[in-house]
Amino acid sequence: MSSILTNNSAMVALQSLQSVNSNLAKTQSEISTGKSVASAKDNAAIFAISKVMETDESSFKTIQDGLNVAESTVSVGLAGAERVTDLLKEMKDLAAGAASDGADFETIETDIQAKETQIADIVSASQFNGINLLATDVDGNTGNEYGVLSSLDRSGAGGTTTAKSITVAGIDLEADVVGGTRTAVADKASAITAIGDIEGLINTAVAGAASLGSAAQSISGQSEFVGKLSDALKSGIGSLVDANMEEASARLQALQVQQQLATQSLSIANQAPQALLSLFRG
């Protein structure tokens with residue numbers, strides 16, 4: 001039955017055109033944004049997961065920056081400790097040279113004192129961003145250690161996070177070496193005693209340098225891991241929300257053809273009532 005009041009063909013064609021236009025708009029959005037899930041209305045579950053992962057990825061980038069600063073801080077302290085060790089070895093050699101009759105004890109003592117002044121200057125200067133791991137007061141607030149955020153561990157999907165830190169203890173060469181006790185070289189006997197005193201200072205400096213070296217290695221390894229973890233999270237987010245551009249391009253072309261056909265179909269359907277006029281012509 002044909003009717004001029006109800007055009008079923010036009011309604012079907014209109015529904016088809018609206019569906020094609022909706023799919024075309026979504027495909028165009030994917031191409032323009034590069035995302036198949038750009039907002040919560042696209043896929044609420046995937047959107048929620050991706051946003052949580054994005055916050056974690058951003059945090060890990062910040063954590064890595066902090067670890068890089070910490071690595072530099074410890075490296076400065078380590079360089080200072082190693083230089084102090086070298087100077088103490090030179091002091092020991094000077095004292096050893098005085099452990100013989102006829103040595104110029106006064107000159108040797110002056111040289112040793114000069115190296116002690118160098119050590120004090122190095123300890124004072126071995127700071128980075130206000131942190132001096134060789135000083136008694138590491139952070140300027142009577143602290144004796146330096147801590148850096150190393151990770152945020154998430155418990156379960158969307159669960160709470162637990163902050164993990166790496167703590168580096170100061171080695172306090174200011175008190176143990178600069179403020180350490182050494183016998184002044186005045187004769188052969190005092191030179192021999194001084195050798196023992198300096199040997200103790202060397203052992204202290206070497207142990208401190210080893211401690212900082214271990215901490216530097218730990219921080220460096222954690223920084224590398226956090227960087228890889230951040231990259232893995234970014235890749236995971238992409239696999240969830242990024243659009244397949246090859247597929248979107250092919251779909252766009254197909255939908256454009258469908259849109260043209262649906263428009264033509266609607267035009268034909270709208271012309272159907274006009275055909276009824278021929279039935280009433282004499």
## Note on the structure
Looking only at heavy atoms, the pair that brings Q64 and G227 closest together is NE2-CA, 3.4 Å
### Query
Apart from V257 itself, which Ile, Leu, Val, Met, Phe, Trp or Tyr residues share its cluster (side-chain heavy atoms under 4.5 Å, direct or through members)?
L261
### Query
Just wondering, do S151 and F60 contact through their side chains at under 4.5 Å, heavy atoms?
yes
#### Entry: Non-hydrogen atoms of A248 and T27 that approach each other most closely
O-CG2, 3.4 Å
### Message
So which atom in A169 and which in E145 form the shortest heavy-atom distance, rounded to 0.1 Å?
### Response
CA-CB, 4.0 Å
### Task
Would you confirm whether S235, through its side chain, and D231, through its main-chain N or O, come within 3.5 Å as a donor-acceptor pair?
no
### I31 CD1 to S36 OG distance, which is reported to the nearest 0.5 Å
12.5 Å
#### Entry: side-chain hydrogen bond (donor to acceptor under 3.5 Å, both in side chains) against D104, all qualifying residues, sequence neighbours excluded
T107
### side chain to side chain contact (heavy atoms under 4.5 Å, CB included) partners of I268, counting only residues at least two apart
Q264
### Message
Looking at K35 and D242, is any side-chain nitrogen of the basic one under 4.0 Å from a carboxylate oxygen of the acidic one?
### Response
no
Donor-acceptor contacts, no H, no angles, side chain residues 78-93, under 3.5 Å, sequence neighbours left out:
| unit_1 | atom_1 | unit_2 | atom_2 | d |
| --- | --- | --- | --- | --- |
| T85 | OG1 | A81 | O | 2.9 |
| E90 | OE1 | K115 | NZ | 2.7 |
| K92 | NZ | E199 | OE1 | 2.4 |

### Summary
Value for CG (N203) from CG (D176), rounded to nearest 0.5 Å, stands at 12.5 Å
### Query
So K164 and L152, side-chain contact (heavy atoms from CB on, under 4.5 Å) or not? Walk me through it.
CA-CA 6 Å; K164 297 294 182 66; L152 289 175; over 6 Å; no
### Task
Give a yes or no answer on whether the side chain of N132 reaches the backbone of V123 with a donor-acceptor pair at less than 3.5 Å.
yes
### Query
Which pair of non-hydrogen atoms, one from A95 and one from A194, has the smallest distance, and what is that distance?
CB-CB, 4.4 Å
### Query
If Ile, Leu, Val, Met, Phe, Trp and Tyr residues are connected whenever their side-chain heavy atoms lie under 4.5 Å apart, and connections chain through other members, are L233 and V52 in the same group?
no
### Query
Any donor-acceptor pair under 3.5 Å linking the side chain of S58 with the backbone of E54?
no
### Task
Evaluate side-chain contact (heavy atoms from CB on, under 4.5 Å) for E116 paired with R182, printing each intermediate quantity in order.
CA-CA 10 Å; E116 287 177 333; R182 177 190 64 83; 2.5 Å; yes
### Message
Are D153 and T161 packed together at the side-chain level, in the sense that at least one heavy-atom pair is separated by less than 4.5 angstrom?
### Response
no
### Query
Is the shortest heavy-atom distance from the side chain of Y146 to the side chain of T167 under 4.5 Å?
no
### Task
Could you check if a side-chain atom of I49 sits within less than 4.5 angstrom of a side-chain atom of L240, using non-hydrogen atoms only?
yes
### Task
Starting at OG1 of T110, measure out to CZ of F105 and round the result to the nearest 0.5 Å.
13.5 Å
### Task
Quick one: list whatever passes side-chain hydrogen bond (donor to acceptor under 3.5 Å, both in side chains) with D197, sequence neighbours left out.
T183
### Message
With a 4.5 Å cut-off on side-chain heavy atoms, are V185 and I112 touching?
### Response
yes
Between side-chain atoms of residues 208-226 and protein atoms elsewhere (two or more places apart, or another chain), which donor-acceptor pairs fall under 3.5 Å?
| unit_1 | atom_1 | unit_2 | atom_2 | d |
| --- | --- | --- | --- | --- |
| Q222 | NE2 | S150 | O | 2.8 |
| S223 | OG | N68 | OD1 | 2.9 |

### Task
Establish whether I195 and L201 are linked, either directly or via other cluster members, by ILVMFWY side-chain heavy-atom contacts under 4.5 Å.
no
### Query
Hey, are the side chains of Q258 and L255 touching, using non-hydrogen atoms and a 4.5 Å cut-off?
yes
### Query
What residues form a side chain to side chain contact (heavy atoms under 4.5 Å, CB included) with F47, not counting sequence neighbours?
V37, A40, K51
### Query
With Q271, which residues qualify under side chain to side chain contact (heavy atoms under 4.5 Å, CB included), at least two apart?
S267
### Message
A side-chain contact here means heavy atoms from C-beta on lying under 4.5 Å apart; do V241 and I46 qualify?
### Response
yes
### Message
Rounded to the nearest 0.5 Å, what separates atom CG in D42 from atom NZ in K26?
### Response
5.5 Å
### Task
Could you tell me the separation between the CD1 atom of I131 and the OG atom of S126, rounded to the nearest 0.5 Å?
13.5 Å
### Message
Could you tell me if S230 and E57 have a donor-acceptor pair between their side chains, going purely by distance under 3.5 Å?
### Response
yes
### Message
The criterion is salt bridge (charged side-chain N to carboxylate O under 4.0 Å, His left out); which residues satisfy it with D172, sequence neighbours excluded?
### Response
none
### Message
Under a 3.5 Å distance rule, please check whether S124 uses its side chain to pair with a backbone N or O of A120 as donor and acceptor.
### Response
no
### Donor-acceptor pair, side chain of D187 and main chain of A189, under 3.5 angstrom
yes
### Task
Please report the closest heavy-atom contact between I63 and L149, naming both atoms and the distance.
CG2-O, 3.5 Å
### Task
With the side chain counted from C-beta on, respond yes when I171 and L134 share a heavy-atom pair under 4.5 Å apart, and no when they do not.
yes
#### Entry: Separation between CG of L252 and CD of Q259, rounded to the nearest 0.5 Å
9.5 Å
### Summary
E247 meets the side chain to side chain contact (heavy atoms under 4.5 Å, CB included) criterion, sequence neighbours left out, with N244, R251
### Summary
When every non-hydrogen atom of A205 is compared with those of L173, the smallest separation belongs to CA-CD2, 4.1 Å
### Query
Should side-chain heavy atoms under 4.5 Å link Ile, Leu, Val, Met, Phe, Trp and Tyr, which residues sit in the same cluster as I192?
none
### Query
Does the S249 side chain pair with the main chain of M245, one donor and one acceptor, at a distance under 3.5 Å?
no
#### Entry: Donor on one side chain, acceptor on other, D56 and S59, under 3.5 Å
no
### Q28 atom CD: more than 12 heavy-atom contacts under 6.0 Å
yes
### Co-members of the apolar cluster containing L14 [side chain, <4.5 Å]
L17, L266
